[in-house]
Amino acid sequence: MTEQPLSLVVLVSGSGSNLQAIIEAIDAGLPARIEVVISNRPQALALTRAASRNIPTRVIDHRECTSRDEFDARLDSLLSELDPQLVVLAGFMRILGDPLVRRWHGRMLNIHPSLLPDYRGLQTHRRVLEAGEQWHGCSVHYVTAELDGGPVIARARLEVHGNDDEASLKSRVHDCEHVLYPTVIDWIARGRLTLADDTPMLDNKPLRQALTFEAPQLMEAAS
Ligand code: GAR
């Protein structure tokens, strides 16, 4: 029996390199289908990436909304109409309000460029460098109303080098994101990962702590 691919809606704001990685993972066998890409920015390069693969796109321009609530209501209504099995935030730079996030509880993922719970929020690469951290990375987590605070599923960890600057760190974190995010989506698509109450369950076992992959091994396994 052929399984139905997992239906995804991907939310973006910017360049969309994570979207591209998901598209390529689907090409390579990830059992999912991107129904629509939604951006809050009309100029997002991610929209061009989607359109070039004939993936339908929609824009809800946050600047045309008079309030956060109005933006959320429009997004929620579009998501309800599309009714995907999973909403994937891929560089989506809007904070979503409580009611919307609650409605999509357990069906909404985010990727964040830090080793959560450390360095929530913006400018993570710069803040990690300024603090002189030895380790940096990225995390995939279920979205809850707490900003970058939902249950973390998996992380990729890389060592900060003495000669790293913001650009090099960002690029190395991106490389990890492009492997980690499709990996987690694949677990969901194959029914291996669910959220029970607020605990991710992988292969029927609770993930009390995020799975942490070392970047070199993660990249090696993906190559
Ligand atoms: C990624 O690094 C992602 O982790 C980050 O934005 C970048 C988007 O890149 N997301 C956040 O900071 C969300 N808090 P992309 O548009 O090339 O995928």
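Heavy atoms only: backbone and side chains are in, while hydrogens, waters and symmetry mates are out. We count ligands from 1, going down the list as the structure has it; atoms in each ligand are counted the same way.
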Taking atom 6 (O) of ligand 1 as the reference point, the nearest protein heavy atom with its distance
Gly91 CA, 3.7 Å

Residues which pass side-chain contact (heavy atoms from CB on, under 4.5 Å) with Leu147, listed by chain and number, not counting sequence neighbours
Ile95

Looking only at protein heavy atoms, what sits closest to atom 10 (N) of ligand 1 is Ile111 O, 3.6 Å

When you measure from the side chain of Asp83 to the backbone N and O of Ser80, does any donor-acceptor pair fall under 3.5 Å?
no

Mind checking whether Leu158 and Val128 sit in one hydrophobic cluster, side chains of I, L, V, M, F, W, Y counted as touching below 4.5 Å?
yes

So is Asn110 polar-close to ligand 1, meaning N/O to N/O under 3.5 Å?
no

Closest protein heavy atom (residue, atom, distance) for atom 14 (N) of ligand 1:
His112 ND1, 3.2 Å

Check this for me: does any side-chain nitrogen of one of Asp61 and Arg63 sit under 4.0 Å from a carboxylate oxygen of the other?
yes

Close approach of Met93 to ligand 1, heavy atoms, under 4.0 angstrom:
yes

Options Gly121, Pro113, Gly16, ranked by nearest heavy atom to atom 11 (C) of ligand 1, top entry:
Pro113

Could you check, using the six-membered ring where one of them is a Trp, whether His125 and His136 have ring centers closer than 6.0 angstrom?
yes

Please work out whether any backbone atom (N, CA, C, O) or any side-chain heavy atom from C-beta onward of Lys170 is under 4.0 Å from ligand 1, and answer side chain, backbone, both or neither.
neither

For the CZ atom on Arg127, are there more than 12 heavy atoms of other groups (residues, nucleotides or ligands in this structure) within a distance under 6.0 Å?
yes

Give a yes/no verdict on a cation-pi contact between Arg155 and Phe213, requiring under 6.0 Å between NZ or CZ and the six-membered ring centre and an angle within 45° of the axis.
no

How far is atom 17 (O) of ligand 1 from its nearest protein heavy atom, and which residue and atom is that?
Ser17 OG, 2.6 Å

In the protein, which heavy atom is nearest to atom 4 (O) of ligand 1, and how far is it?
Glu177 OE2, 2.5 Å

Sidechain N-carboxylate O distance under 4.0 Å for Asp72, Arg68:
no

Provide the number and element of each atom of ligand 1 under 4.0 Å from a heavy atom of Ser15.
15 (P), 16 (O), 17 (O)

Nearest protein heavy-atom contact for atom 9 (O) of ligand 1: which residue, which atom, what distance?
His174 NE2, 3.1 Å

